[in-house]
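Since the structure comes first, as structure tokens, the remarks are kept for the end.
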Amino acid sequence: MNVRYTLLALLTAALLPATGQSQQAAIEFAPPVSVVMADKVNAVKMADVDSDGHLDIIALQGEPALTSGMFVALGDGSGNFDAPVFNAISINWPWAIDFGDINEDGVIDAVVTDFLSGQFAYMEGNGDGTFSEQPRLVPGWGGGNPQVQLADIDDDGHLDVIAVELFGSRLQVAWGTGIDDPLAAFDGLSSILLTGYPLSFDIADLDGDGDLDLCCGFNAGSGGGVATSLYLGGRTFSAEERSIGGLTDSHWSTIAIDLDGGLPEIVTVEEGLGNLGIFTVAAGIPQAGIPIFTGSNQRHVDGGDLDLDGITDLVIRNYSSGDLVILQGIGALEFLDVWTLDGSVSFSGLELVDVNGDGGLDIVVGNYDQSTVSYYLNLTVSGAFRRGELNGDGNTNIADAVFLLAYLFNNGFTPGCLDAADTNDDGGVNISDAVTLLAVLFSGAPPLPEPIGSCGPDPTDDALECEDSGDSCL
């Protein structure tokens, strides 16, 4: 792993306390762990496909010389994955995938779209991590779908399928019904005409009215830039509002994400010219993009709070080298170029998810040439814990109460994470914490204060330390 602190990062970090801003935690990732998957990974995504509470890896394989398929490696929640299982797909060049319970049977399904054609694969989940392709007909569905997502756009309780149609210059929404039938699964198709050829898109409430809207990024041949289309109700959308602002190259990755504590901004990477583009949005209309040079051949971007400081950070991936650039957010749409991580050649994107359940966002990438999926564990946030989980076995039960009482009154072991022992979150560890834990376990008391369920930092400032949370946050 190659770590590169820029002069800007060091100077800004040194000046932050003097300007009244909080000191930024140093973002740090472990070296990558690779899982052997498909032959030539086109896309990777993580989802809990077997409903065991742990994220699993899904990778797409397929191009003219290869058998098309979807590989699934089941995870145990701590960063370990089973050998991948192959699921056959009929489409020729599977490029994009998303997950959800489309037929509403309680089991996660998948939709896979083709990069070049109008082929559309509906993969019905079997509940055990395997999938069976089933016919689903969407009259009018157009071809060239480099990205697809599932969302309930019209708020009717059923998942809809949304994709860009590259060759038809439009966004398309197939309206889901939840019916498990080839013909009745979708109730028509809506199209939003565009003035360019879209490569990527995202879904978010862009104008603050509570509805989900669409935004997309275009290719270089049609001038680049981004566009928005707002949901008007009744399965209709407003006409495209487009902004280029000098960001004229191909935008293979577009995300709508809040960078400054308000409505989402539209963030893209401009592949050839190497600019990160930030487009603020006013009344749903994208404003002139703010270019930030990050290096040529950047293709993918994702965002999230990597250091848990309440400010969005960004990760950008170079499709040629596979290297990752981490930009640490400092507010006001400004970033520190903090890290560069070595990677592998890739056309597939990246995803920020909590792979091992420790409360921090990790980086997951597909590696085209290596036929692997790699994850980089986030080491930034120390002291993550589960409140009430004292003995480090990953569970909260009577054994933790016994452990706490022994520590308080019988010279028992000191908890490795005193924050976890502070079950009522009052900043101290005493008999009231044992009473609180027992009341939650056996008397129907309200849940313990966060973090519970999954690991995270203490939301309350106190003098307690969490030096070792045991196996519960590995």
Side-chain angles (χ1 to χ4, degrees), residues 43 95-98 111 113-116 118 140-151 153 160-174 189-207 211-232 235-259 263-273 275-291 298-303 349:
W95 193 264
I97 187 169
D98 203 6
V111 171
T113 53
D114 192 288
F115 179 53
L116 295 178
W141 186 268
N145 308 135
Q147 193 173 0
V148 66
Q149 292 191 50
L150 296 173
I153 298 289
D160 310 309
V161 180
I162 307 94
V164 291
E165 186 188 349
L166 174 60
F167 304 123
S169 294
R170 63 175 181 162
L171 289 161
Q172 49 192 358
V173 182
L189 179 76
S190 293
S191 297
I192 301 102
L193 296 179
L194 303 171
T195 57
Y197 300 107
L199 288 171
S200 56
F201 79 102
D202 205 2
I203 304 169
D205 181 6
L206 298 173
D207 58 355
D211 294 325
L212 292 176
D213 309 305
L214 305 178
C215 61
C216 64
F218 297 97
N219 74 347
S222 51
V226 303
T228 60
S229 185
L230 305 181
Y231 185 65
L232 301 177
R235 296 183 174 178
T236 63
F237 295 84
S238 67
E240 164 203 277
E241 294 280 359
R242 186 170 177 182
S243 176
I244 298 175
L247 292 153
T248 58
D249 221 311
S250 293
H251 298 261
W252 284 89
S253 183
T254 299
I255 59 174
I257 192 168
D258 177 19
L259 300 178
L263 293 175
E265 284 73 37
I266 301 172
V267 180
T268 68
V269 281
E270 190 184 29
E271 180 175 284
L273 300 180
N275 288 314
L276 173 77
I278 299 176
F279 296 81
T280 60
V281 180
I285 300 174
Q287 307 301 295
I290 303 168
Q298 312 290 13
R299 180 174 283 188
H300 302 285
V301 62
D302 200 3

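Sequential numbering from 1 along the given sequence is applied to the chain's residues. Worth knowing before you read on, the calculation uses all heavy atoms, side chains too, and leaves out hydrogens, waters and symmetry mates.
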Rounded distance [0.5 Å steps], [atom1] in [X] versus [atom2] in [Y]:
X: I255; Y: E265; atom1: CD1; atom2: CD; value: 10.5 Å
X: D98; Y: I162; atom1: CG; atom2: CD1; value: 8.5 Å
X: F237; Y: T228; atom1: CZ; atom2: OG1; value: 12.0 Å
X: L199; Y: F115; atom1: CG; atom2: CZ; value: 7.5 Å
X: L273; Y: S250; atom1: CG; atom2: OG; value: 9.5 Å
X: S191; Y: L171; atom1: OG; atom2: CG; value: 9.0 Å

Could you work out, with side-chain hydrogen bond (donor to acceptor under 3.5 Å, both in side chains) as the rule, every residue matching S222, not counting sequence neighbours? N219
Applying side-chain hydrogen bond (donor to acceptor under 3.5 Å, both in side chains), can you list everything that pairs with D160, at least two apart in sequence or on another chain? none
Which heavy-atom pair separates [X] from [Y] by the least distance, and what is that distance?
X: N275; Y: L247; answer: CB-CD2, 3.7 Å
X: L212; Y: Y231; answer: O-CB, 3.1 Å
X: S253; Y: V301; answer: OG-N, 3.1 Å
X: A204; Y: A256; answer: CB-CB, 3.7 Å
X: G223; Y: R242; answer: C-NH2, 3.8 Å
X: Q172; Y: G142; answer: OE1-N, 3.0 Å

Let me know which of I153, V173, V111 forms a side chain to side chain contact (heavy atoms under 4.5 Å, CB included) with V161. V111
Could you walk me through whether T254 and C215 pass the side chain to side chain contact (heavy atoms under 4.5 Å, CB included) check? CA-CA 8 Å; T254 299; C215 61; 4.2 Å; yes
Do the rings of W95 and W252 sit parallel, tilted or perpendicular, given the 30° and 60° boundaries? tilted
Heavy atoms of other groups near Y197 OH, more than 12 under 6.0 Å: no
The test is side-chain hydrogen bond (donor to acceptor under 3.5 Å, both in side chains); show your working for Q147 and D202 and say whether it passes. CA-CA 9 Å; Q147 193 173 0; D202 205 2; 5.8 Å; no
Kindly indicate whether the side chain of [X], heavy atoms from C-beta on, has any atom under 4.5 Å from the side chain of [Y].
X: H251; Y: E270; result: yes
X: Q287; Y: S243; result: no
X: D205; Y: D213; result: yes
X: T195; Y: E240; result: yes

Might you work through the side chain to side chain contact (heavy atoms under 4.5 Å, CB included) test for D207 and V281, ending with a clear yes or no? CA-CA 8 Å; D207 58 355; V281 180; over 6 Å; no
Could you go through L116 and F167, starting from their C-alpha distance and side-chain angles, then the distance that decides it, and tell me whether this counts as side chain to side chain contact (heavy atoms under 4.5 Å, CB included)? CA-CA 9 Å; L116 295 178; F167 304 123; 4.2 Å; yes
From CA spacing to verdict: side chain to side chain contact (heavy atoms under 4.5 Å, CB included), N145, L166: CA-CA 6 Å; N145 308 135; L166 174 60; over 6 Å; no
N/O donor-acceptor pair under 3.5 Å between S238 side chain and L230 backbone: yes
